[in-house]
Protein chains: 2
Amino acid sequence: MAETPKSNLQLVAAKAGVSVSSVSRVLNGGSASEDLARKVREAAAELGYVPHASARTMRTGRTDQITLAVADVGNPVYVQMMRTVTGIVAKAGYRLVVSSTGSDPASQIDLVTSLNRGYADGLLMSPLRITEDLVEAMKSSRLPIVVIGTLPADVELDNVRADSATGIGLAVEHLVAQGRRRIALVNGPVDTVPGSARLAGYLAAIERYGLPTSSELQVTATAFTYRAGRKATAALLGQASPDAIIGANDLLAVAALKELAAAGVRVPRDTAVVGMDDTDAAELATPSLTSVDLGSAKRAKAAAKLLIRRIQEPDAPVSRIVIPPALSIRESTGGPA
Amino acid sequence: MAETPKSNLQLVAAKAGVSVSSVSRVLNGGSASEDLARKVREAAAELGYVPHASARTMRTGRTDQITLAVADVGNPVYVQMMRTVTGIVAKAGYRLVVSSTGSDPASQIDLVTSLNRGYADGLLMSPLRITEDLVEAMKSSRLPIVVIGTLPADVELDNVRADSATGIGLAVEHLVAQGRRRIALVNGPVDTVPGSARLAGYLAAIERYGLPTSSELQVTATAFTYRAGRKATAALLGQASPDAIIGANDLLAVAALKELAAAGVRVPRDTAVVGMDDTDAAELATPSLTSVDLGSAKRAKAAAKLLIRRIQEPDAPVSRIVIPPALSIRESTGGPA
DNA sequence: AACGTTCTTAAGAACGTTCCCAAACCCCTC
DNA sequence: GAGGGGTTTGGGAACGTTCTTAAGAACGTT
């Protein structure tokens, strides 16, 4: 390989015949005579000088990195968030470090404490499960953290949340308007933040419309994944015959679509299906999937901006932002092809 | 917030009543008397000491970070790679920095040179387009780079490549065995590495089986995305009536499925469809998608291991690994439901 | 009791940068 | 031509860690 020699300020200074501090000044846009600036720039270019990130961090305390922690890089809703956040963060001059934590609270606590190691200026996280310990760790962090998702009311941390309850309300309203009455829920684990929120929203909406609230219409997948969704839907179909199914996220809903197709049930004629998150997967499904847009892209965008603001103004008041849901109607509930 | 005080070795040393170097020694597992070790550990725990990453990097030259550069975080094949790499890399004690470069060569060159800033110990990249400049930049990098994808033969860099040509051969063989003869290709941009490889593989296979090689059977999408795939397939159907379509990746193939459905063409009865990459999207599609497994997970795994090895032994001989393809047969070519 | 050996601890340099502060220089005015 | 202001440049400390080197303590040997 055509080795680029390792270079530093000192070498550049020597080559240009000036002092180290002058090189630093020129390269960081400080005031300098034209002659000096030219010499420095030439020497730097010739040596292929690039500043050493850690050394700079040490001196300035800034890393120009932001960490995004997600439970599962394979979940399309996180993919959507990553895509959005990458853009925002890059525009503000930060690099994005993506960390896949799994759903385990312990590894998330690790992540939060390791933030104090100083390899990021801030943390963006969307925890699936929130424990007291995690909240404690987040509160005592020296570096800013913005949570994408719901937090207990008394926690003084910036956060951007969805409104699952209203979102499910939209789905139920839409289904009821089409004459559906036996509306089932294929949920993810209820000990997770989205899982519990969606169950509560479902129950509230069902009651509001005076629909049957049989426990046979509620099943819980072991995870928010396609595979778990297939199993849960199979169990559901074995114990009830719903005329509509709401999946707690798009993957579960797509799984329901596939399981219904395998069972010979026609969608939407016999059973309508609604997903949540309105990810790419909803559009790609066949039939395309009506889905509750919980604003994941907007949430990610708002959270990233919030974090960047807080890094710049650590003492700004705590913000809590709620992104309102919307319904994207597609074929799986009789919408346009 | 319950501020954790900022702590460093000096504070811990003062609290324990010992020297800074002793604290460092104890915490890094060097030899020390039991008494000293105990005092140090107590003081460290009490202050909630965590070592400062950049300071350590400065001294040791290691960052414990590995960067993975992908063109598009939304492409399921990259998602698959990310998932695999995250695991391998974490097990070896590295954090993963994911960088979304887009398909622009300039930003990839930026990335390579910025590697010399020293915020990662190595780079894993899967470039869509390879230019001379990019190759030059990669060759002159001081830090190890492993390329996932095909490189010009004379480039002395570790790389792990797929065998698209053989992969397409498998697809064509499978289709021909079912009596298909008008086999179309929905390709991505041909100025990309996968795009050109797939076109070449397609042409070779078509010729090998003595099939008609009409240019009307070949269309090129503007990108490897669903949306571009819909347009390209629509154009294809306007100019030819293929009895099979090969998509250059799963997203293009899913787009073809949807476009065929919209046109009232039955899959696989009228037209069979094959994708490439064998991602989650293939299984989730309806009908489920036969797909050429180009070993993306295996490639990512091999590349990550190669990079870790090279970081540890910079002078190891250059490795070129080829992962053989396989065919996952599903409903879209008449496979099992 | 003096000396050598081994083990434990401490002092201090170094990594590459930024930035405060002081030195050097230039130009103008009296 | 000496004094003053302003601008340009350089010296050197500091960030927090690791690691080399050396000093000191403890112990055994002659």
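It should be emphasised that the depicted structure is a prediction, and the values quoted were computed from it without experimental measurement. The sequence lines fix the lettering, A, B, ..., with proteins before strands; numbering per chain opens at 1.
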V73(B) and V79(B), any side-chain heavy atoms less than 4.5 Å apart
no
With side chains defined as the heavy atoms from C-beta onward, is the minimum distance between K305(B) and R309(B) less than 4.5 Å?
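Heavy-atom side-chain distance check fails, nothing below 4.5 Å.
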Integer-rounded Å distance: [N] [atom2] and [X] [atom1]:
X	N	atom1	atom2	value
L9(A)	dG12(D)	CG	P	17 Å
N8(A)	dG16(C)	CG	P	5 Å
Y119(B)	dC15(C)	OH	C1'	19 Å
R59(A)	dT17(D)	CZ	P	16 Å
Q10(B)	dG12(C)	CD	C1'	13 Å
N116(B)	dG16(C)	CG	P	13 Å
L27(B)	dT18(D)	CG	C1'	12 Å
M58(A)	dA14(D)	CE	C1'	8 Å

With both distances under 3.5 Å as the test, what is the Watson-Crick or G-U wobble partner of dT29(D)?
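Pair assignment: dT29(D) / dA2(C).
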[X], nearest nucleotide to its side chain (from [options]):
X	options	answer
S33(B)	dT18(D), dG16(C), dT9(C)	dT9(C)
S21(B)	dT9(D), dG12(C), dT17(D)	dG12(C)
L36(A)	dG10(D), dC15(C), dT8(C)	dG10(D)
V18(B)	dA10(C), dT17(C), dT9(D)	dA10(C)
R56(A)	dG16(C), dT9(C), dT18(C)	dT18(C)

Return no unless some side-chain N or O of Y49(A) is found under 4.0 Å from OP1 or OP2 of dT17(C).
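Checking dT17(C) against Y49(A), a side-chain N or O does come within under 4.0 Å of OP1 or OP2.
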Under-4.0 Å side-chain N/O to phosphate OP1/OP2 contact, S24(A) with dT18(C):
yes
By nearest-heavy-atom nucleotide on DNA chain C, the more 5' of S22(B) and N28(A) is S22(B)
Which residue, S31(B) or A55(B), contacts DNA chain C at a nucleotide closer to its 5' end, judged by nearest heavy atom?
S31(B)
salt_bridge(D158(A), R310(A)) N-O dist < 4.0 Å
yes
By nearest nucleotide on DNA chain D, pick out whichever of V20(A) and D35(A) is the more 5' one.
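Result of the comparison: D35(A).
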Output the distance between atom CG (L143(B)) and atom CG (D121(B)), rounded to the nearest 0.5 Å.
7.0 Å
Shortest non-hydrogen separation from A162(A) to T150(A) and the atoms involved:
O-OG1, 4.4 Å
